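Just so it is clear, the structure is predicted and the values come from calculations on it, not from any experiment.
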Amino acid sequence: MTLVALRPRVRRTTAPTALVALGVFAAVRGAGVLVVAAGSWWAGRDPVRVLGASWDSVWYLGIAAHGYGRTQMWASGSVQSDYAFFPLYPALVRLAGGTALAGLAVSWTAAAVAAVGVYRVGERLLRTPRGGVLLVGLWAALPHSVVLTLGYTEALLAALAAWALDCVLRGRWAGAAALAVLAGLTRPTGIAVAAAVTAAAVRELAVRDRRAPAVWAAGLLAPAGWAAYVLAVGVRRHDPLGYFAVQRQWGSRFDFGAGALGSVEKVLTGGHTPLATTVTVAVLAAAGLLAGALFLERAPLPLLAYTGTLLLITFGGAGFFESKPRFLLPAFPLLLPLAAVMARARPRTAVAVTACLAGLSYGYGVYLLLVARIPP
């Protein structure tokens, strides 16, 4: 069964459905912010600090205020450097004022832009505005979607990725390349956007016009942002592989999934594990199943390259196991098979499913930020 087979009939509508999708996203995530704010006040904590100045947000705010160069030494002897964080988000935060509120403004704006981009991709591939709206609703209601309203980079990457994929699907190569470069300056997994653009360009050159200069340029330039930052860190540390050394100091390295499998084994064998670890295992299992469905339904090559690269980095990377669902937040194409099924269901059923998922997401967001107090 393919996505084409699951697409309902296209119905013309006079409603500005992109705005409807944005409204759905704002309603789902806005309610989530209110729930976290209420929980923060009840716990005697400042909601702005909880949302905009916790964990990685502190590092981004430091870069925005003082530039790079901060290190943190721990009792274990490990030394963590802010070179692990890519520069685009803190640069935008600095332009917006450099405060925690500025960071939230950047993240929330990026999340809104991402929602419209996710809608456009969903509407195009599912061939129905309703499918695009449902894709946005599902994405907003994911267990870790609270991160989209934190002072983190996932919302910005999702925005750049969604619009880059939209550009590729519509043959707008210059826009796709520019967005891929910016995605590569956002976070390490931004290389997935470059993979999507380059894969699409290679295919375009192979099956159509081998002399298309715009396609050649897009395929070659797409990884430039990511490569430029990695090389810049290497220059600053006088080590061509300096960026990867920084990541190892943070406990991040590629171990082909050995660490992740060890965490999964602990959960499956009944060991004492926190809720966050159990949920992470469930989310990763669901992501694997959805990836299989996306492949079987013959999704376009750019989407497969993008989600495949994100999955490879997430599953194959060691360290920060409970954060892996956050790394997959920008992988919204994984939800296309679910959105296609829901688009054929009764509207009340689709609304009820989305509302239930959103409620669970709110509870889990409060648990992550205020109860477990572990990096999301």
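With hydrophobic clusters built from ILVMFWY side chains whose heavy atoms lie under 4.5 angstrom apart, Leu160 does not share a cluster with Val168. No single ILVMFWY cluster, assembled from side-chain heavy atoms under 4.5 Å apart, contains both Leu51 and Val58. Val118 and Leu304 fall within the same hydrophobic cluster, defined by Ile, Leu, Val, Met, Phe, Trp and Tyr side-chain heavy atoms under 4.5 Å apart, directly or through other members. By the rule that hydrophobic residues join a cluster once side-chain heavy atoms approach within less than 4.5 Å of another member, Val147 and Trp108 end up as members of one cluster. Both Leu311 and Val264 are members of a single hydrophobic cluster when ILVMFWY side chains are connected at heavy-atom separations under 4.5 Å.
The CG atom of Leu369 lies 10.0 Å from the OH atom of Tyr364; values are rounded to the nearest 0.5 Å. Between the CH2 atom of Trp59 and the CG atom of Asp82 there is a distance of 6.0 Å, given to the nearest 0.5 Å. Note that the OG1 atom of Thr307 and the CZ atom of Phe332 stand 9.5 Å from one another [nearest 0.5 Å]. To the nearest 0.5 Å, atom CG of residue Leu294 and atom CG of residue Leu289 are 12.5 Å apart. Note that CG of Leu370 and OG of Ser40 are 4.5 Å apart. Values are rounded to the nearest 0.5 Å. Atom CG of Leu231 and atom CH2 of Trp226 lie 8.5 Å apart (nearest 0.5 Å).
The ring pair (Phe, Tyr, Trp, His ring centres under 6.0 Å) test applied to Tyr152 returns no partner, not counting sequence neighbours. Here Ala372 pairs with Tyr367, Ile374 under the side chain to side chain contact (heavy atoms under 4.5 Å, CB included) rule; sequence neighbours left out. By the salt bridge (Lys or Arg N to Asp or Glu O under 4.0 Å) test, Arg94 is found to be paired with no residue, residues two or more places apart in sequence or in another chain being considered. By the side chain to side chain contact (heavy atoms under 4.5 Å, CB included) test, Ala285 pairs with no residue at all, sequence neighbours left out. Take Arg253 and apply the salt bridge (Lys or Arg N to Asp or Glu O under 4.0 Å) test, not counting sequence neighbours, and it matches no residue.
Side-chain polar atoms of Tyr83 and Arg237 form no donor-acceptor pair below 3.5 angstrom. In summary, the side chains of Ser107 and Tyr89 do present a donor paired with an acceptor at a separation below 3.5 Å, with no hydrogens or angles considered.
In this structure, Ile313 and Ile191 approach most closely via the heavy-atom pair CD1-CG2, 3.8 Å.
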Chi angles and distances behind the side-chain hydrogen bond (donor to acceptor under 3.5 Å, both in side chains) call for Ser145, Arg29: CA-CA 8 Å; Ser145 58; Arg29 290 301 348 131; 2.8 Å; yes
Step-by-step side-chain hydrogen bond (donor to acceptor under 3.5 Å, both in side chains) determination, Thr277 to Glu322: CA-CA 6 Å; Thr277 304; Glu322 285 79 9; 2.5 Å; yes
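Using a 4.5 Å cut-off on side-chain heavy atoms (C-beta onward), Val193 and Leu157 make contact.
Ring geometry, Phe85 versus Tyr60: the interplanar angle exceeds 60°, so the pair is classed perpendicular (tilted spans 30 to 60°).
Evaluation of the salt bridge (charged side-chain N to carboxylate O under 4.0 Å, His left out) test over residues 137-154, restricted to residues two or more places apart or in two chains, returns Glu154-Arg187, Glu154-Arg326.
The aromatic ring centroids of Phe244 and Phe254 lie 6.0 Å or more from each other.
Between Asp166 and Arg120 there is a salt bridge, with a side-chain nitrogen of the basic residue lying less than 4.0 Å from a carboxylate oxygen of the acidic one.
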